[in-house]
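Read the structure below first, then the notes.
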Amino acid sequence: MHVSQRLIVVAALFVTCLITANIIAVKLISVGADIVLPAAILVFPLSYLIGDVLTEVYGFAWARRVIWLGFLCNLIFVGFAWLGGLLPGASFWQGQAAYEAILGYTPRLLLASFSGYLIGSFANAAVMSKMKLLTRGRHLWSRTIGSTVVGEGLDSMVFITIAFIGTPAFAPVFILYHWAAKTLIEVAATPLTYAVVNYLKGAEKIDVYDAGISLNPFTLKEARR
């Protein structure tokens with residue numbers, strides 16, 4: 001199975017955006033007077049953009065592999081961050097509280113983050129794959145925006161519900177804020193998506209259509225239905 005250098009770069013960028021988003025998500029930023037969003041709003045939508053590129057150019061089978069790779073890499077990062085927090089600090093080091101505040105993930109937040117990521121990413125890829133067949137490869141903008149509306153919507157709903165329901169911080173309107181902000185970023189990035197997709201299709205000399213490919217996220221085989 002041939003793996004091109006360009007595909008490796010795209011996969012590496014996807015994983016980098018995902019892990020970066022999870023690190024900087026602990027900082028909350030204000031947008032206007034009433035809207036509060038995580039700083040990850042700046043980078044997390046890029047993982048969806050890259051996911052769109054993966055599915056559009058290389059097909060759902062490769063997108064599925066990279067989504068699971070991102071999950072594994074993020075799990076490894078979180079595990080070692082947790083172990084690092086357990087190690088005794090040097091006598092002169094005063095950063096333990098800051099370390100735990102930034103990298104000390106609670107089980108509930110981890111469940112929310114991982115669940116939202118997997119559900120949203122696979123929904124995004126599946127919608128991209130199906131819409132490409134339905135549109136016969138035309139109107140790329142409709143696929144990137146449509147898949148983001150579904151994927152980011154599910155991601156935001158799952159993450160915020162699991163992370164905050166039952167606490168004073170839970171407010172359903174935050175789901176709308178997250179979903180709208182991420183979708184707007186995807187819309188604004190549409191010209192960039194077109195440029196990257198057109199470059200990769202030309203350079204790789206491929207344009208994959210997922211006719212008959214299983215959209216089951218739990219298999220790594222390119223099984224035909």
Side-chain angles (χ1 to χ4, degrees), residues 7 9-25 27-29 31-32 35-60 62-64 66-67 70-71 74 112-135 137-161 173-201 207-208 210 215 217:
L7 175 56
V9 170
V10 173
L13 290 173
F14 179 89
V15 173
T16 300
C17 287
L18 174 64
I19 295 178
T20 301
N22 285 338
I23 295 173
I24 68 175
K27 180 174 182 178
L28 299 178
I29 60 175
V31 181
I35 300 176
V36 176
L37 296 169
I41 200 71
L42 299 173
V43 66
F44 191 70
L46 291 178
S47 68
Y48 274 78
L49 186 155
I50 297 171
D52 289 346
V53 171
L54 274 167
T55 308
E56 175 67 22
V57 178
Y58 300 99
F60 183 86
W62 269 113
R64 175 170 50 207
V66 175
I67 289 169
F71 176 82
N74 195 31
S113 176
F114 287 153
S115 299
Y117 161 71
L118 288 175
I119 292 172
S121 295
F122 278 119
N124 182 77
V127 171
M128 276 288 296
S129 177
K130 282 296 186 182
M131 286 189 68
K132 185 172 184 179
L133 292 174
L134 292 173
T135 60
R138 296 172 294 180
H139 313 306
L140 174 60
W141 62 269
S142 68
R143 302 196 291 281
T144 59
I145 295 174
S147 63
T148 296
V149 168
V150 175
E152 294 280 21
L154 287 172
D155 187 307
S156 299
M157 180 177 66
V158 170
F159 174 77
I160 292 176
T161 301
V173 71
F174 288 161
I175 297 174
L176 178 62
Y177 291 159
H178 280 238
W179 171 80
K182 294 172 183 177
T183 301
L184 287 174
I185 292 174
E186 178 75 29
V187 172
T190 296
L192 175 60
T193 306
Y194 265 84
V196 174
V197 165
N198 289 336
Y199 164 73
L200 287 175
K201 284 182 178 179
D207 189 8
V208 175
D210 291 322
L215 300 182

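The residues of the chain are indexed from 1 along the displayed sequence.
- Minimum interatomic distance between Glu152 and Trp179 (heavy atoms only, all atoms of both residues): C-CD1, 3.9 Å.
- Closest of all the heavy-atom pairs between Lys132 and Val208 is NZ-O, 2.8 Å.
- Taking 4.5 Å as the limit, every side-chain heavy atom of Arg143 sits out of range of all side-chain heavy atoms of Val127.
- Listed by chain and residue number, nothing satisfies the ring pair (Phe, Tyr, Trp, His ring centres under 6.0 Å) test with Tyr117 (two or more places apart in sequence, or in another chain).
- From Ile23, atom CD1 reaches atom CG of Asn74 across 8.5 Å, with rounding to the nearest 0.5 Å.
- Between Ser129 and Asp210, the closest heavy-atom pair is OG-OD2, 2.7 Å.
- In this structure, Thr144 and Thr148 approach most closely via the heavy-atom pair O-OG1, 2.8 Å.
- For the pair Trp141 and Tyr194, the tightest heavy-atom approach, listed with the atom from each and the gap, is N-OH, 3.0 Å.
- Here CD1 of Ile175 is found 11.0 Å from CG of Asp155. Values are rounded to the nearest 0.5 Å.
- For Phe44, the ring pair (Phe, Tyr, Trp, His ring centres under 6.0 Å) partners are Tyr48, not counting sequence neighbours.
- Taking 4.5 Å as the limit, some side-chain heavy atom of Val10 sits within range of a side-chain heavy atom of Leu200.
- To the nearest 0.5 Å, the span separating CD1 on Ile185 from CG on Leu49 amounts to 10.5 Å.
- Annotation: ring pair (Phe, Tyr, Trp, His ring centres under 6.0 Å) contacts of Tyr199 (sequence neighbours excluded): none.
- Taking OG1 of Thr55 as the start and CG of Asn124 as the end, the distance is 6.5 Å to the nearest 0.5 Å.
- Distance check, rounded to the nearest 0.5 Å: OG1 of Thr193 to CD of Glu56 gives 10.0 Å.
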inquiry  = Show, in sequence, the C-alpha distance, side-chain angles and deciding distance for Ser147 and Asp52, and conclude whether the side chain to side chain donor-acceptor pair (under 3.5 Å) test is met.
reply    = CA-CA 8 Å; Ser147 63; Asp52 289 346; 3.3 Å; yes
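- Here the side chains of Leu118 and Phe122 are in contact, with some heavy-atom distance below 4.5 Å.
- Using a 30° and 60° split on the angle between ring planes, Phe174 and Tyr177 fall in the tilted class, from 30° to 60°.
- Between Leu42 atom CG and Thr20 atom OG1 the span is 11.5 Å, to the nearest 0.5 Å.
- Smallest separation of non-hydrogen atoms from Glu186 and Pro45: OE1-O, 4.0 Å.
- Looking only at side-chain heavy atoms (C-beta outward), Ser113 and Phe159 come within less than 4.5 Å of each other.
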